[in-house]
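Here is the structure we will look at, set down as structure tokens.
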Protein chains: 2
Amino acid sequence: MINNNIYFQIELTARKIRRYGQNVLNSHGIDITIEQWLVLNVINENEYTNQIYVGEKLVKDKPTISRMVNHLEKKELIVKTTSAIDSRKVELSLSKKGKDLITNLYPIIENIRLTGLSKLSKNENESIETILKKIRENLGD
Amino acid sequence: MINNNIYFQIELTARKIRRYGQNVLNSHGIDITIEQWLVLNVINENEYTNQIYVGEKLVKDKPTISRMVNHLEKKELIVKTTSAIDSRKVELSLSKKGKDLITNLYPIIENIRLTGLSKLSKNENESIETILKKIRENLGD
DNA sequence: TTAAAATAGTTGTCTAGCTAACTATTTTAA
DNA sequence: TTAAAATAGTTAGCTAGACAACTATTTTAA
């Protein structure tokens, strides 16, 4: 039966998390997706980074990052400039609006995280990481 | 850091699984997506079921199922007829082509599953299920 | 020095997930 | 009996993931 399949449950849990997180953001009137938050966070931690770097951090491909960055730019949350040193590259930074948003977001995101992980023992917390990593490695890292 | 986040790892693992599985299907020249396989499988196990049922099994919403069913119909893998008893409902069944495909698919899918789960102890196998379920329940099942 | 290879990013095309709004039946309850 | 509510499915509009093919720079190696 499909529902007993671990793959199915991983995928299901991933969707559940995304949906839950998105609902929390929406309920706060925050007009970005969970995925866009991840991009904002990488840029916040690495000012003037480029799209390749963001993609490596989030393990997403170039077209996906390209489009997400455009969305964030359209929302005026980030600023995108061409690098003076290497004009193939783009330099990404947060706008004032983006910085303010991120400041507001951190506690909300932390809350989402804690909600999902409550009732998990320290041991469970550690072992799920190990197990997921093993699965990924089995599939060719 | 994002990459230590369990949510991120769950989502990453889900993507990894989907991509790996898709590549295996492609390498066998099988022209369906992993998600479409799940739908075929539900129909195979429940002949003349309807879209609501498929959606419940796979925890996907009506529009998603509607479109996937249309894709599978276009590929002539399933047959879709209106129920004589309740004309709101559709009756889904596998075509000959669909049945043949599923027969070929089962060992391939099983292989994908075993590849990812190799090196996992029985204990790890059980505990990941428990943990994922806890997370889903924490997020309001 | 210059042609080939590598790198950064974009565009196009497809599928899937999600929400909202819709049509068309069937069920229910006054 | 009939009007309201529930149910099944579709359509539209958006974002994201994946792949392929593309442009434009920069690096490299002959």
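Labels below follow one simple rule: chain letters A, B, ... track the order of the sequence lines, proteins then strands, and each chain is numbered from 1.
The closest side-chain heavy-atom distance from Gln9(A) to Arg136(B) is below 4.5 Å.
In this structure Asn111(A) satisfies the side chain to side chain donor-acceptor pair (under 3.5 Å) test with no other residue, sequence neighbours excluded. Partners of Ile30(B) according to the side-chain contact (heavy atoms from CB on, under 4.5 Å) rule, which considers only residues two or more places apart in sequence or in another chain, are Leu25(B), His28(B), Ile32(B), Leu101(B), Leu105(B), Ile108(B). In this view, Lys134(B) and Leu120(A), Glu124(A) satisfy the side-chain contact (heavy atoms from CB on, under 4.5 Å) rule, not counting sequence neighbours. Residues satisfying the side chain to side chain donor-acceptor pair (under 3.5 Å) test with Glu47(A), not counting sequence neighbours, are none. Shown here are the side-chain contact (heavy atoms from CB on, under 4.5 Å) partners of Asn23(B), two or more places apart in sequence or in another chain: Arg19(B), Asn26(B). Legend: residues meeting salt bridge (charged side-chain N to carboxylate O under 4.0 Å, His left out) with Glu91(B), ordered by chain and number and at least two apart, are absent. Taking the side chain to side chain donor-acceptor pair (under 3.5 Å) definition, one finds that Lys75(A) meets it with Gln36(A), sequence neighbours left out.
In the model, Asp61(B) has a side-chain atom that pairs as donor or acceptor with a side-chain atom of Thr64(B) under 3.5 Å. Judged by distance alone, the side chains of Asn138(A) and Tyr20(B) never bring a donor and an acceptor atom under 3.5 Å apart.
If Ala84(A) and Thr64(A) are placed on DNA chain D by their nearest nucleotide, the residue sitting closer to the 5' end is Thr64(A). With the nearest nucleotide of DNA chain C identified for both Ile85(B) and Asn23(A), Asn23(A) has the one nearer the 5' end.
Less than 4.0 Å separates DNA chain D from at least one heavy atom of each of the following residues of residues 86-93 of chain B: Arg88(B), Lys89(B), Val90(B).
For DNA chain C, the stems formed by at least three consecutive Watson-Crick or G-U pairs, with both atom-pair distances below 3.5 Å, span C:1-30 with D:1-30.
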N/O donor to acceptor pairs below 3.5 angstrom from side-chain atoms of residues 76-85 of chain A, sequence neighbours left out:
from	atom 1	to	atom 2	distance (Å)
Lys80(A)	NZ	Asn70(A)	OD1	2.9
Ser83(A)	OG	Ile85(A)	N	3.1
Ser83(A)	OG	Asp86(A)	N	3.1

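For Tyr7(B) (side chain) and Ile112(A) (main-chain N/O), a donor-acceptor pair under 3.5 Å exists by modelled atom type. No donor-acceptor distance shorter than 3.5 angstrom exists from the side chain of Asn50(A) to the backbone of Val90(A), with no hydrogens or angles considered. Checking side-chain atoms of Asn46(B) against main-chain N and O of Val42(B) turns up a donor-acceptor pair under 3.5 Å.
Atoms CG (Asp61(B)) and P (dT10(D)) sit 13 Å apart, rounded to a whole Å. Summarising the geometry, the separation between CD on Glu11(A) and C1' on dG17(D) is reported as 12 Å, rounded to the nearest angstrom. Protein atom CD of Glu73(B) is 13 Å distant from nucleotide atom C1' of dT10(D), rounded to whole Å. Going from atom CG of Leu58(A) over to atom P of dA16(D) covers 12 Å, rounded to whole Å.
Asn26(B) comes within 4.0 angstrom of no nucleic acid atom, judged by non-hydrogen atoms across all strands.
One finds a side-chain N or O of Arg15(B) lying less than 4.0 angstrom from the OP1 or OP2 phosphate oxygen of dA18(D). At dT10(D), one or more side-chain N or O atoms of Ser66(B) fall inside 4.0 Å of OP1 or OP2 (strictly under the cut-off).
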Polar atom pairs between nucleotides 13-15 of chain D and protein, under 3.5 Å, N or O only, would you list them?
from	atom 1	to	atom 2	distance (Å)
dG13(D)	O6	Arg67(B)	NH1	3.4

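If you check distances only, the side chain of Lys60(A) never reaches the base of dG17(D) with a donor-acceptor pair under 3.5 Å.
Reading DNA chain C from its 5' end, the first and the last nucleotide to sit under 4.0 Å from a heavy atom of chain B are dT15(C) to dT26(C).
In this structure, the nucleotide among dG17(D), dC19(D), dG9(D) sitting nearest to the side chain of Arg18(B) is dG17(D).
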